[in-house]
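For reference, the structure is listed below as structure tokens.
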Amino acid sequence: MMKHQFLLFFLLGLAPAVMADHATVFSSSAFAAKLHENRQRGQLLVFVPDEPGEEVGKWRISWESGAQVAELLISEPIPLPDFKTKLRIELDAACSPGTSLRSADLRLLDSGGEVCPVNRISGENSGEFTLAWEIARDGTFPVSWGKNLNRRLDQPAGISNFAFILNEPGDLTLSKLRFIPDPPAKQ
């Protein structure tokens with residue numbers, strides 16, 4: 001009970017900062033996640049602090065061998081900020097030398113219990129890069145699963161998991177997650 005109260009106070013204290021700059025830092029105390037079938041897939045999830053002993057840092061998914069798909073399941077969905085028309089979600093990432101990210105999916109859980117996967121990002125991403133997904137407030141999803149299926153993102157909603165595919169074994173490091181409500185149109 002005390003642990004949950006601390007986490008609630010921590011998250012409430014963090015909320016204004018998150019909303020102010022639309023950024024969430026993955027941290028050991030505020031972000032609880034695990035890899036789906038990590039043992040069977042030969043994967044390991046490790047927190048890497050920015051400085052020794054700090055609680056702010058990065059998450060590293062390591063593949064030694066086996067399946068090239070990693071599903072990062074988030075214990076409590078990361079809430080999406082309010083937005084009028086469109087939301088851009090960005091995630092800073094890096095692949096270890098000799099490894100490249102082939103695709104990345106973002107899965108959202110809406111208020112009715114429906115899971116909506118967001119556009120698959122494909123291509124060869126190596127070194128350091130930023131993944132980006134955009135969702136429209138009134139958009140529909142061609143595929144969804146779970147409860148209350150209407151293929152719409154009923155608010156409030158949050159990120160429930162990510163799915164990544166690497167071309168070969170190696171490391172994928174995830175550092176910063178940003179929300180940009182109603183981004184300006186690209187020129």
Side-chain angles (χ1 to χ4, degrees), residues 3-4 6-8 10-11 14-15 18 23-49 55-81 87 89-96 99 101-122 125 129-135 141-149 151 153-167 169-179:
K3 182 179 177 182
H4 294 290
F6 171 77
L7 183 58
L8 177 63
F10 178 81
L11 292 175
L14 184 64
V18 169
T24 299
V25 175
F26 295 112
S27 75
S28 62
S29 63
F31 185 69
K34 66 179 183 176
L35 291 171
H36 180 64
E37 297 182 347
N38 63 312
R39 288 186 182 152
Q40 299 91 318
R41 295 177 176 178
Q43 301 163 353
L44 181 65
L45 179 64
V46 177
F47 178 75
V48 181
E55 292 192 21
V56 176
K58 302 167 181 66
W59 288 95
R60 181 166 296 139
I61 302 171
S62 296
W63 275 268
E64 292 180 11
S65 63
Q68 294 168 317
V69 175
E71 294 176 87
L72 182 64
L73 307 177
I74 301 168
S75 299
E76 291 291 324
I78 300 169
L80 300 181
L87 177 65
I89 301 168
E90 296 180 348
L91 176 61
D92 291 341
C95 285
S96 59
T99 302
L101 180 71
R102 191 168 61 196
S103 71
D105 288 343
L106 171 68
R107 296 179 183 152
L108 304 175
L109 179 65
D110 77 4
S111 61
E114 181 176 17
V115 177
C116 302
V118 179
N119 52 323
R120 183 179 204 98
I121 295 173
S122 327
N125 296 289
F129 50 90
T130 299
L131 298 167
W133 300 267
E134 286 194 359
I135 57 172
F141 296 85
V143 175
S144 68
W145 58 89
K147 301 175 186 174
N148 303 310
L149 302 178
R151 296 200 172 147
L153 190 62
D154 301 316
Q155 301 291 331
I159 300 171
S160 63
N161 71 320
F162 293 93
F164 303 104
I165 299 177
L166 287 183
N167 282 339
D171 295 338
L172 174 64
T173 303
L174 311 172
S175 55
K176 290 185 181 175
L177 180 66
R178 289 181 295 282
F179 299 110

Flag side-chain contact, heavy atom, 4.5 Å: Trp133 against Leu87: no
Close side-chain approach of Asn161 to His36, heavy-atom, < 4.5 Å: no
side-chain contact (heavy atoms from CB on, under 4.5 Å) between Cys95 and Leu172, intermediate numbers included: CA-CA 5 Å; Cys95 285; Leu172 174 64; 4.0 Å; yes
Shortest non-hydrogen separation from Ala70 to Leu35 and the atoms involved: CB-CD2, 4.4 Å
Minimum side-chain heavy-atom gap Phe162-Ile61 below 4.5 Å: no
Side chains of Leu91 and Leu106 in contact at under 4.5 Å (non-hydrogen atoms): no
Atom of Ser75, atom of Ala33 and distance for their closest heavy-atom approach: OG-N, 4.2 Å
Short side-chain to backbone donor-acceptor contact, Glu90 and Ala132, under 3.5 Å: no
Side-chain heavy atoms of Glu114 within contact of Asn148, under 4.5 Å: no
Minimum side-chain heavy-atom gap Leu101-Leu131 below 4.5 Å: yes
Minimum side-chain heavy-atom gap Leu72-Trp59 below 4.5 Å: no
Atom pair CG/CZ of Leu73 and Arg107 - distance to nearest 0.5 Å: 8.5 Å
Atom of Pro142, atom of Arg151 and distance for their closest heavy-atom approach: O-CZ, 3.3 Å
CZ on Arg60 to OG on Ser175, rounded to 0.5 Å: 10.5 Å
Asp154 side, atom CG; Cys116 side, atom SG - distance, nearest 0.5 Å: 7.5 Å
Inter-residue atom distance Arg102.CZ - Asn125.CG, 0.5 Å rounding: 12.0 Å
Distance-minimising heavy-atom pair for Pro77 and Leu109: CG-CD2, 3.9 Å
Test side-chain contact (heavy atoms from CB on, under 4.5 Å) applied to Leu153 and Ile135, step by step: CA-CA 9 Å; Leu153 190 62; Ile135 57 172; 3.7 Å; yes
Minimum-distance pair of heavy atoms, taken over all atoms of Thr99 and Gly170: OG1-CA, 3.4 Å
Pairwise distance CZ(Phe164) to CG(Asp105) - rounded to 0.5 angstrom: 9.0 Å
N/O donor-acceptor pair under 3.5 Å between Gln43 side chain and Glu71 backbone: no
Pair Thr173-Val48, side-chain contact (heavy atoms from CB on, under 4.5 Å): steps then yes or no: CA-CA 9 Å; Thr173 303; Val48 181; over 6 Å; no
Thr130 side chain reached by Lys176 side chain, heavy atoms, under 4.5 Å: no
Approximate separation, where rounding is to 0.5 Å, of Ile159 CD1 and Leu177 CG: 4.5 Å
Sidechain-backbone polar pair: Ser111 side chain, Gln155 backbone, donor-acceptor under 3.5 Å: yes
Over all atoms of both residues, closest heavy-atom pair of Ser144 and Pro117: CA-CD, 4.3 Å
